[in-house]
Amino acid sequence: MTPTATESFAPWRDRSEASRNRWTVTATRPVSYDVALCDGILDPANPALLRAVPRGVPPTARRLLVIDSEVHRHYGRSFTDYFERHSIPSATCVLDCDETTKHWGNVRTVLQALDRFGIDRRNEPIVAAGGGVLLDVVGFAGSLYRRGTPVVRVPTTLIGLVDAGIGVKTGVNFDEHKNRIGTYHAADRVVLDPAFLRTVDRRHLSNGLAEILKMALIGDRRLFDLLDWHGAGLLAAKFQRDGRHREAATEVLERSIGGMLDELQPNLWESSLERVVDYGHSFSPTLEMRALPELLHGEAVSIDMALSTLLAEARGLVTATERSRVLRLMRALELPISHPLCTSELLISALGDTTRHRGGRQRLPLPVGIGAARFVDDVDERELEVAGESLAELAKNG
Ligand SMILES: NC(=O)c1ccc[n+]([C@@H]2O[C@H](COP(=O)([O-])OP(=O)(O)OC[C@H]3O[C@@H](n4cnc5c(N)ncnc54)[C@H](O)[C@@H]3O)[C@@H](O)[C@H]2O)c1
């Protein structure tokens, strides 16, 4: 007998006795987003920003631009001119951003702006333009508002370009804890334009170089050599792709962005807790928050990497020559290798906190030579104490 429409849409009617009071729900949701490295995205003739809308949405859809106040000062007019030239109705929400403002209050400000704008969460993207702090705050707000509003990310700092802007993690600080609340919310598009780096100050560029150095140390020996040869020059030239360092800037950016995406893609939701990209992020969250606002994110990461290099050396994973090369490069990139707050008490407490968040095991990535890494689970308090003291000594002796 041919089933009636009601029967064919009601398979639950035929469930067997054993499975009538037990259910399993399984669903998968594909994630796909484009990350494009381009030049001159604020030039009205450049279609990159125009096309940066969710699939199926017309390029002229309204935009809510949420922008870091410094970025607004330098480029706000160019963003609005761009939208006007393409007849795109837009509104702007300006946020003051640094690590001390990376909290719920700023998320709330964005949520209120979304409400005021009356955003159509299926057809009107938020355009987030700023550094890691703004991208984390707006990504978090976007993931909460109506359970998910599309975000186009336009990173404007080096950390944003090579790290904070290209993955799916969002988060803000909570009760003195770094990134303690957050979500996974993939951007619809990511548009990377190194021209924004022209106005980033030297210390913040150096800060971004720490995340690039991380990618080099754990998996890309060629990237390490490029930083060794051109790092100081790239810092001085602000990574611009039009001068003497053009080729090096392009290769360093492409290798670090590509390397990061290769690492993130197979483990987007971090179901595996062994992530080499956590290198430099085991002790640094506690250090960064305790030293706030003195240490920037990448600076805390650099100190963590220096300490991990010494732990690796003591275990015979890194030679003394390799360790000197690594520390020398950190100095050339104007990154710190130690901090007075880096006591054994802090290191022990930081590793305890990290271990709790890594499923009860340290899963501590340590370098193996330059360009490879392995995980260890058995670093003890004495090792931390010795490494901390050696690092302070090395820092003192320049
Ligand atoms: N979600 C992630 O996966 C991820 C990854 C890495 C880092 N992060 C987060 O990123 C944050 C650090 O990001 P950041 O270093 O970009 O800091 P930031 O966002 O605080 O920006 C640094 C400073 O530069 C200014 N600025 C931004 N763009 C500018 C420009 N083009 N010209 C002039 N000034 C500009 C900002 O106003 C700010 O004062 C940390 O909170 C870290 O936790 C997140």
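Counting starts at 1 for both ligands and their atoms, following the listed order.
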- Query: What closest approach, in Å, do A128 and V138 show between heavy atoms, and which atom pair accounts for it?
  - Reply: CB-CG1, 3.7 Å

- Query: Would you say T199 has any N or O atom under 3.5 Å from an N or O of ligand 1, going by distance alone?
  - Reply: yes

- Hey, are E299 and R203 close enough for a salt bridge, meaning a charged N less than 4.0 Å from a carboxylate O? yes

- Message: Heavy atoms only, cut-off 4.0 Å: how does N207 contact ligand 1, side chain, backbone, both, or neither?
- Response: side chain

- Provide the number and element of each atom of ligand 1 under 4.0 Å from a heavy atom of V133. 11 (C), 13 (O), 18 (P), 19 (O), 20 (O), 41 (O)

- Task: Indicate whether the side chain of H339 and that of R290 have a donor and an acceptor atom separated by less than 3.5 Å.
- Result: no

- Message: Do Y145 and D115 pair up side chain to side chain, a donor and an acceptor below 3.5 Å, judged on atom types alone?
- Response: yes

- Side chain, backbone, both or neither: which part of A164 has a heavy atom under 4.0 Å from ligand 1? both

- Item | Per-atom contacts, ligand 1 versus E99 - under 4.0 Å to a heavy atom | 40 (C), 41 (O)

- Is the closest side-chain donor-acceptor distance between S308 and D304 under 3.5 Å? yes

- Does I159 approach ligand 1 within less than 4.0 angstrom via side chain, backbone, both or neither, non-hydrogen atoms only? side chain

- Atoms of ligand 1 under 4.0 Å from any heavy atom of D98, numbered from 1 in the order shown, are 20 (O)

- Query: Does a side chain donor of either Y75 or T156 reach within less than 3.5 Å of an acceptor in the other side chain?
  - Reply: no

- Message: At under 4.0 Å between heavy atoms, is it the side chain or the backbone of V71 that contacts ligand 1, or both, or neither?
- Response: side chain

- Look at ligand 1 and say whether D136 reaches it with a heavy atom at a distance under 4.0 Å. yes

- Query: Is it true that C97 lies under 4.0 Å from ligand 1, counting heavy atoms only?
  - Reply: yes

- Message: Under 3.5 Å, is there a donor on one side chain and an acceptor on the other for T170 and T183?
- Response: yes

- Which heavy atom in M215 sits nearest to a heavy atom in S256, and how many Å separate them? CG-O, 4.2 Å

- Note on the structure: So CG of D98 and CG of L134: to nearest 0.5 Å the spacing works out to 12.0 Å

- Query: With backbone taken as N, CA, C and O and side chain as the heavy atoms from C-beta onward, which portion of D68 lies under 4.0 Å from ligand 1: side chain, backbone, both, or neither?
  - Reply: side chain

- Would you mind listing which atoms of ligand 1 come within a distance below 4.0 Å of any non-hydrogen atom of E70? 34 (N), 37 (O)

- Write out the residue and atom name of the closest protein heavy atom to atom 28 (N) of ligand 1, then the distance separating them to 0.1 Å. T156 OG1, 2.8 Å

- Task: List every atom of ligand 1 that sits less than 4.0 Å from any heavy atom of K102, numbering the atoms from 1 in the order shown and giving each element.
- Result: 9 (C), 40 (C), 41 (O), 42 (C), 43 (O)

- Given the options H204, E211, E99, K102, H297 meets side chain to side chain donor-acceptor pair (under 3.5 Å) only with E211

- Item | Part of T170 with heavy atoms under 4.0 Å of ligand 1, whether side chain, backbone, both or neither | neither

- Message: Do the side chains of R77 and E84 get close enough for a salt bridge, i.e. N-O under 4.0 angstrom?
- Response: yes

- Task: Kindly check if the number of other-residue, nucleotide or ligand heavy atoms within 6.0 Å of CD (Q265) is above 12?
- Result: no

- Of all the non-hydrogen atoms in the protein, which one sits nearest to atom 23 (C) of ligand 1, and at what distance? H204 NE2, 3.6 Å

- Could you tell me which atoms of ligand 1, counted from 1 in the order shown, lie closer than 4.0 angstrom to a heavy atom of K178? 40 (C), 41 (O), 42 (C), 43 (O)

- Task: Taking only heavy atoms of F196 into account, list the atoms of ligand 1 that are under 4.0 Å away from them.
- Result: 30 (C), 31 (N)

- Task: Go through ligand 1 atom by atom and flag the ones less than 4.0 Å from a non-hydrogen atom of T157.
- Result: 14 (P), 16 (O), 21 (O), 27 (C), 28 (N)

- Query: Does a donor on one side chain and an acceptor on the other come within less than 3.5 Å for S69 and D96?
  - Reply: yes

- Query: Any N or O of G132 that comes nearer than 3.5 Å to an N or O of ligand 1?
  - Reply: yes

- Among T309, L217, L366, whose side-chain contact (heavy atoms from CB on, under 4.5 Å) with V318 holds? T309

- Query: Any N/O of G130 closer than 3.5 Å to an N/O of ligand 1?
  - Reply: no

- Message: Would K169 count as being in polar contact with ligand 1, using the rule that some N or O on each side must be under 3.5 angstrom apart?
- Response: yes

- Message: Counting only heavy atoms, tell me which of L161, T100, T101, D163 gets closest to atom 5 (C) of ligand 1.
- Response: D163

